[in-house]
Amino acid sequence: MHRMERDTDHLESPAIVWFRGDLRLSDNEALAAACSHASLIPVYIRETSCSARPLGAARQWWLHHSLARLASDLENRGTPLVLLTGKPAELIPQLVKATGASTVYWNRRYDPAFSDADAALKAELQSDELVAESFPGQLLHEPTRLRTGSGTYYKVYSPFWRAIESGIENRPPLDAPESLKAFPGISRLESENLEDWGLLPTKPDWSGGLRETWTPGEAGARQRLADFLEDRLKGYSERRDIPGVDATSGLSPHLANGEISPAQIIEAMRDADTSASSDDRTTFRKEVGWREFSWHLLVNQPELAKKNHNSKFDDFPWLNDDEALVAWQKGQTGYPIVDAGMRQLWQTGWMHNRIRMVVASFLTKHLMIDWRKGEEWFWDTLVDADAASNAASWQWVAGSGADAAPYFRIFNPVLQGEKFDPQGDYVRRFVPELEKMPAKFIHKPWSAPDKVLKTAGVSLGDTYPTPIVDHKRARERALDAYKQIKDAA
DNA sequence: GACGCTTTGGG
DNA sequence: CCAAAGCGT
């Protein structure tokens, strides 16, 4: 068969659009490509027995709602969404056979755990004379392609950023297709019920705070972006560090679920006519850049969530202290800024970026617990849990990562609280038992005079924990441990 | 070969 | 002011 013939012929038959990490209709190249076909079959597969790490509970909650929105958005434009469970390598060919489709489109995902399987499926489909094509979209750059002058991947953010910065606005995002031509036999295809997938919590339903905080789905993502650009881009570079005010974009969970693309964000910001300074814009663009950098690292270092990027840390004497780990997880360390962060995470599925650094530093340095334990907890509880950002950022704080903070840079939880939450607004919101503490002592209640504690209704060790470690001693212990691996190398 | 690196703390 | 070190241009 001649290539030219096939290129026109295949448009006469339906195209399968395999949705994976891209739960949106706009800026979706795979979907756009399918629109030039006679009809299309959108499918989402709940993948079983694949090598990727299963989604954490918070992201499963999000996924349920995001898929529900995607299905209704597709329905409104003309086609249902087919839901299947199993192995794509079996299900996609079955779907091809059942529908007579000659084409399968999908957008690339970059988690190395999927790469081999996706490439193998593509090759298999193509060897059957089918068209199988993948498109970019989740990132602004192709993480495997970008190389330094000496041919290696980037290990330092600044040069990485300079390398992608200029090309960052080169891809104009696509509009959502106005209508979709459903495959005529689509309603007779086997499809499962989302409700049967068990993505939502049951026994205790802990999702109340998530529901109050978030609107999963493409429309929610677009709304949040619009609100951010209108209300919060101005002043972003300063205010983003203050956890007590709503100053960040809050787009991370939408990005993690592919409800919005980074190209859409960058473009919308360029068009946003606010009085935001160029500093505000650059700072935010660089945040998007960090996400790109993390994926660049993960793609080139597939073990990033498991292995120290700097192997010197393989000998670090981490402590196995389950009691301390649980206190950290539950927000019961006795350090208000740490506890506020951990409780925000549990209640809302999200934590302010600055506080993520503080709690991660506390776990890895004050408690000397392996960063992987923290990474796992975040993976399970964050609605924005992202395989690349989570691993890269934990290693950054722990000191073991690429371009990491030096290990000896140990955050002081009291000073961080006083500097970035001076009035204690953030602590008060998530640690209500300290609500009446005066600002002067809210980040160090143990140093408040008895009568201040009494007036505030705080009884240390009773209504609020005493610190589980002493800052000064913990700091010295961590630095001693670091000295061991430093001298050994 | 020089230069410039996200996010700090303590003495 | 110091606490590292090496990456990338």
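Protein chains get the first letters and strands the later ones, always in sequence-line order, with residue 1 at the start of each. Values below: all heavy atoms of this structure, side chains included; hydrogens, waters and symmetry mates excluded.
Remark: the separation of the P atoms in dG6(C) and dT8(B) is 23 Å, to the nearest Å.
Residue His471(A) has no polar side-chain atom (N or O) positioned under 4.0 Å from OP1 or OP2 of dG9(B). Contact annotation: Lys419(A) side-chain N/O to dT7(B) OP1/OP2 distance is not under 4.0 Å. One finds a side-chain N or O of Gln416(A) lying less than 4.0 angstrom from the OP1 or OP2 phosphate oxygen of dG9(B). Taking only side-chain nitrogens and oxygens, Thr152(A) never comes nearer than 4.0 Å to OP1 or OP2 of dC7(C).
In the set dG9(B), dT7(B), dT9(C), dT9(C) carries the atom at the smallest distance from any side-chain atom of Pro159(A). Distance from the side chain of Trp396(A) is smallest to dT7(B) among dT9(C), dT7(B), dA4(C).
Looking at Tyr105(A) and Glu29(A), their side chains never bring a donor and an acceptor atom within 3.5 Å of each other.
Here Tyr154(A) lies in heavy-atom contact (under 4.0 Å) with sugar-phosphate atoms only. Among the heavy atoms of the strands, none lies under 4.0 Å from Lys365(A). At the heavy-atom level, Phe420(A) lies nowhere under 4.0 Å from the strands shown. Nucleic acid contact class of Thr283(A) (heavy atoms, under 4.0 Å, all strands): none.
When rounded to the nearest whole Å, the span between CG of Leu297(A) and P of dG8(C) equals 10 Å.
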| task | Fill in the dot-bracket string of DNA chain B, one character per base: . for unpaired, | for a pair to another strand, ( ) or [ ] for pairs within the strand, taking Watson-Crick or G-U pairs under 3.5 Å. | result | .||||..|||.
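Outside the 6.0 Å centre-distance limit, the rings of Tyr482(A) and Phe408(A) are not counted as a close aromatic pair. A centroid separation of 6.0 Å or more is found between the aromatic rings of His352(A) and Phe430(A). Close placement of the Tyr236(A) and Phe228(A) rings is indicated, their centers lying within 6.0 Å of each other.
A ring pair (Phe, Tyr, Trp, His ring centres under 6.0 Å) with Phe362(A) is found for exactly one of Phe411(A), Trp328(A), Trp371(A), Tyr335(A), namely Tyr335(A). For the ring pair (Phe, Tyr, Trp, His ring centres under 6.0 Å) with Phe293(A), the qualifying choice from Tyr153(A), Trp396(A), Trp161(A), Tyr157(A) is Tyr157(A), the only one to do so.
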